[in-house]
S.K.: 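What follows is a single structure, and I will ask about it in a moment.
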Protein chains: 2
Amino acid sequence: MAESPIQFGILGCADIARKVSRAITLAPNATLYAVGSRSLEKATRFAAANGFPPSAKIYGSYEAVLDDPDVDAVYVPLPTSLHLKWAVLAAEKKKHVLLEKPVALNVAELDQILEACESNGVQFMDGTMWMHHPRTAKMKEFLSDPQRFGQLKSVQSCFTFLAASDFHENNIRVKPDLDALGVLGDTGWYCIRAILFVADYELPKSVRALPGPVLNKTGVLKSCGASLIWEDGKVATFTCSFEANLTMSLTAVGTKGTLQVQDFVIPFKEDRAAFSAGIESWFNELVTGWRTMPSEHVVTTDLPQEALMVREFSGLVADIKRNGSKPEQKWPTLSRKTQLVLDAVKASIERGLEPVEV
Amino acid sequence: MAESPIQFGILGCADIARKVSRAITLAPNATLYAVGSRSLEKATRFAAANGFPPSAKIYGSYEAVLDDPDVDAVYVPLPTSLHLKWAVLAAEKKKHVLLEKPVALNVAELDQILEACESNGVQFMDGTMWMHHPRTAKMKEFLSDPQRFGQLKSVQSCFTFLAASDFHENNIRVKPDLDALGVLGDTGWYCIRAILFVADYELPKSVRALPGPVLNKTGVLKSCGASLIWEDGKVATFTCSFEANLTMSLTAVGTKGTLQVQDFVIPFKEDRAAFSAGIESWFNELVTGWRTMPSEHVVTTDLPQEALMVREFSGLVADIKRNGSKPEQKWPTLSRKTQLVLDAVKASIERGLEPVEV
């Protein structure tokens, strides 16, 4: 007998919640159960437009979602400044928490959220979807292979997009009271996570912001970057911006191999994603070309990465719910490391580009 | 009647001179005329192995090449520490100078070389071959197009290769008395040139070395990197190393477009080279994929880029020789700008990663 799916409640009707609603529908072990908004009308419209079943509960507040005993888990795509309050409250109501990134305004806030999840025995996971694409596992295989990739030496990452002018005026991601981390918490989050992923989640020793961070009129970051260095001397740099054409590139260079990806956060296509792997690359005899060139690896997927995220999360929730398992610590640990580096970059910017220990 | 080709003399028998000898043979307006080495036997072997015609002059010294009145131009692939002496002497002997990179140990030395070339009316060009590939012109078209690329915002470049252990022991590129700039003058030269190329040769305002430069036992750089910032706020970073798998990537992001290249210095294949151009890239409606993806542009070439370099140089030389034209200032100007940035990176490393004005 098939087990009943994990029942999701969604807090708010953010744009990104449309994508995740579809993902919940696509995931075989999850179902759209409730949505809450401060406006009942908005919640009703959202449910109708996003494939909620007729039986779904439509609430005029976030609290009501948390008070519904049949909600197993909540997806929280609220502005970052509201994460602390609502993620903690959700955990206290024994709801498992799928929290949009950036997870918190700083690691102190995140620690309160994680403490609430831990003490209430609920699973925590952040919304970094690309972690769940099978390409990511294939890239990890390559990066972990001493014969093909060797020892990591450097990483470069870039995630930018050109925000429309109304974004700069109105989007929550550039409002100091809503998403005070600006671009660093948005595209920068992904660059930092990608760098940590490549470094097998070893934290850097220190971080220094690159010159030229750009703030909007209210002091929120629109463009910035940083260099990171580890104990063993490997180095990473990243650039993130709301002011340049959509670009999401990742280059990781080891002693023996090179990984390159052009769409690491959101693959060009839903059903497949590629990466380039160079292995012991070298020139031809007269150095007029390459004898060994990078090769393209394509990884297909039956479900889009956001549905795989929901499936992974729901599987962990089901295991806790039905088997009394402990929450998986991997996911909160990755969120916390990402936030630690992000905080250090922010501190470096605030301290005039001084190096900051992580 | 076809004009007689420009007659080249080569100073020394460096490995790279094999590639350039072939390029001189391939270029329709150039011919291999002489080679000089401190060892006549070595020069004889070199000429025999590299397609020199039977009539070619084989000399047992560099001076003898410069004293041959029928040598129009010299190609100088000597260690960097010898460039000042031999490039100046060549210019004084009225030989046009094709000088391998890095052109000098610092800009003061380069200025002496350029002054000698200018006062003797000879053409100067450095050996940055990729400048002459037709792909480079196509990339420039894209980068210069306000509709397709817009305003440049950031550049990331990486050129690394894994040197064999005997390279670290014996290669001139890691000897303090021969190539004191180490990797910065070698692969770093190309990263800096690429960044300047993308920035339309506008010099950055300041430069700061990245953390973690690696020196060998004799104090020569094996790995390093830097961030560069311009008056208008655009930012670049690069990483160069002798200690990581062969990688040569360039990513330039403008407000409207993105340029990406994986083989910018030496194309994978001799007869064609590609770049990726993203233009007003954006997501599909639900942000589960890209609506507008980067496209691949392939540029074919009849001659390899090093032969195009020789052809370009020889054409300028012929114009001076036959028409009394002035030397083309573009090439020494580009060399000098590259050297200025390189010097600033070196100074930043020597000053504990402080920012250095360019």
Side-chain angles (χ1 to χ4, degrees), chain A residues 15-16 18-19 22 149-150 153-154 156 158 160-162 206 208 210-212 214 223 225 227-229 233-235 237 239 241 243-247 249 251 253-258 260 262-263 266-270 276 278-283 286-290 292-294 304 306 355, chain B residues 15-16 18-19 22 149-150 153-154 156 158 160-162 206 208 210-212 214 223 225 227-229 233-235 237 239 241 243-247 249 251 253-258 260 262-263 266-270 276 278-283 286-290 292-294 304 306 355:
Chain A
D15 249 11
I16 182 79
R18 297 161 53 224
K19 178 175 178 177
R22 174 170 171 267
F149 189 77
K153 288 291 189 176
S154 73
Q156 294 186 310
C158 173
T160 63
F161 65 81
L162 185 67
S206 82
R208 175 179 236 161
L210 294 181
V214 181
S223 295
S227 63
L228 295 74
I229 185 160
K234 62 179 170 272
V235 181
T237 58
T239 304
S241 177
E243 303 182 297
N245 185 51
L246 176 59
T247 305
S249 66
T251 300
V253 190
T255 48
K256 294 191 174 179
T258 304
Q260 293 186 294
Q262 277 195 46
D263 58 352
I266 296 173
F268 294 136
K269 300 282 183 194
E270 259 194 48
S276 155
I279 300 169
E280 297 192 358
S281 311
W282 202 247
F283 301 115
L286 213 55
V287 194
T288 60
W290 296 40
T292 42
M293 275 176 282
E306 58 275 13
Chain B
D15 249 11
I16 182 79
R18 297 161 54 225
K19 178 175 178 177
R22 174 170 171 267
F149 190 77
K153 288 292 188 175
S154 73
Q156 293 186 311
C158 173
T160 63
F161 65 80
L162 185 67
S206 82
R208 175 179 236 161
L210 294 181
V214 181
S223 295
S227 63
L228 296 73
I229 185 160
K234 62 180 170 272
V235 180
T237 59
T239 304
S241 177
E243 302 182 298
N245 185 50
L246 176 59
T247 305
S249 66
T251 299
V253 190
T255 48
K256 294 191 174 177
T258 304
Q260 293 186 293
Q262 277 195 47
D263 57 352
I266 296 173
F268 294 135
K269 300 283 183 194
E270 259 193 49
S276 155
I279 300 168
E280 297 193 357
S281 311
W282 202 246
F283 301 115
L286 213 55
V287 194
T288 60
W290 296 40
T292 42
M293 275 176 282
E306 58 275 13

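Chain A is the first sequence line, chain B the second, and so forth, proteins listed ahead of strands; every chain is numbered from 1.
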S.K.: The criterion is side-chain contact (heavy atoms from CB on, under 4.5 Å); which residues satisfy it with A:T160, sequence neighbours excluded?
M.R.: A:C158, A:S241, A:A244, A:T247, B:V253
S.K.: Taking all non-hydrogen atoms of both residues, which atom of B:T255 and which atom of A:E243 are closest, and how far apart?
M.R.: CG2-O, 3.7 Å
S.K.: Go through the steps for B:T237 and A:Q156 under the test side-chain contact (heavy atoms from CB on, under 4.5 Å), then give the verdict.
M.R.: CA-CA 9 Å; B:T237 59; A:Q156 294 186 310; 4.0 Å; yes
S.K.: Donor-acceptor check, side chain of A:N245 to backbone of B:F149, threshold 3.5 angstrom: yes or no?
M.R.: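 Such a contact is absent between A:N245 side chain and B:F149 backbone.
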S.K.: I'd like to check B:V235 versus A:T239 (side-chain heavy atoms, cut-off strictly below 4.5 Å). Are they in contact?
M.R.: no
S.K.: Atom CZ in A:R208, atom CZ in B:R208: separation rounded to 0.5 Å?
M.R.: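 Separation between the atoms: 3.5 Å.
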S.K.: So which part of A:T288 gets closer than 4.5 Å to some heavy atom of chain B, the side chain, the backbone, both or neither?
M.R.: both
S.K.: Out of B:P267, B:G225, B:G212, which one racks up the most heavy-atom pairs below 4.5 Å with chain A?
M.R.: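 When all of B:P267, B:G225, B:G212 are compared, B:P267 has the most.
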S.K.: So do A:Q262 and B:P294 actually touch side chain to side chain, heavy atoms under 4.5 Å?
M.R.: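 Sidechains of A:Q262 and B:P294: in contact.
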S.K.: Going through the checks in order, is the side-chain contact (heavy atoms from CB on, under 4.5 Å) test met by B:Q260 and A:S249?
M.R.: CA-CA 9 Å; B:Q260 293 186 293; A:S249 66; 3.2 Å; yes
S.K.: What residue, out of A:G233, A:G254, A:P304, has the most heavy-atom pairs lying under 4.5 Å from chain B?
M.R.: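 Ranked by heavy-atom pairs under 4.5 Å with chain B, first place is A:G254.
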S.K.: Using 0.5 Å steps for rounding, measure from the CD atom of B:E306 to the CG atom of A:L286.
M.R.: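 Interatomic distance, B:E306 CD to A:L286 CG, rounded to 0.5 Å: 7.5 Å.
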S.K.: With sequence neighbours excluded, what pairs up with B:P211 under the side-chain contact (heavy atoms from CB on, under 4.5 Å) test?
M.R.: A:S227, A:I229, B:L353
S.K.: Heavy-atom cut-off 4.5 Å, strictly under: side chain, backbone, both or neither for B:L162 against chain A?
M.R.: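 Both backbone and side chain.
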S.K.: Taking the side chain as C-beta and beyond, is there a heavy-atom pair between B:I16 and A:V287 under 4.5 Å?
M.R.: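 B:I16 vs A:V287: side chains apart.
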S.K.: Could you have a look at A:G278, A:G257, A:G150, A:P355 and say which one has the most heavy-atom pairs with chain B under 4.5 angstrom?
M.R.: A:G257
S.K.: With only heavy atoms counted, which part of B:S276 is less than 4.5 Å from chain A, the side chain, the backbone, both or neither?
M.R.: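 Interface part for B:S276: side chain.
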S.K.: Rounded to the nearest 0.5 Å, what's the gap from CD1 on A:I266 to CH2 on B:W290? Could you check?
M.R.: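 So the gap between those two atoms works out to 8.5 Å.
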S.K.: Which region of B:K19, side chain (C-beta onward) or backbone (N, CA, C, O), has a non-hydrogen atom less than 4.5 Å from a non-hydrogen atom of chain A, or is it both or neither?
M.R.: both
S.K.: What is the minimum heavy-atom distance between B:M293 and A:F268, and which atoms define it?
M.R.: SD-CB, 3.2 Å
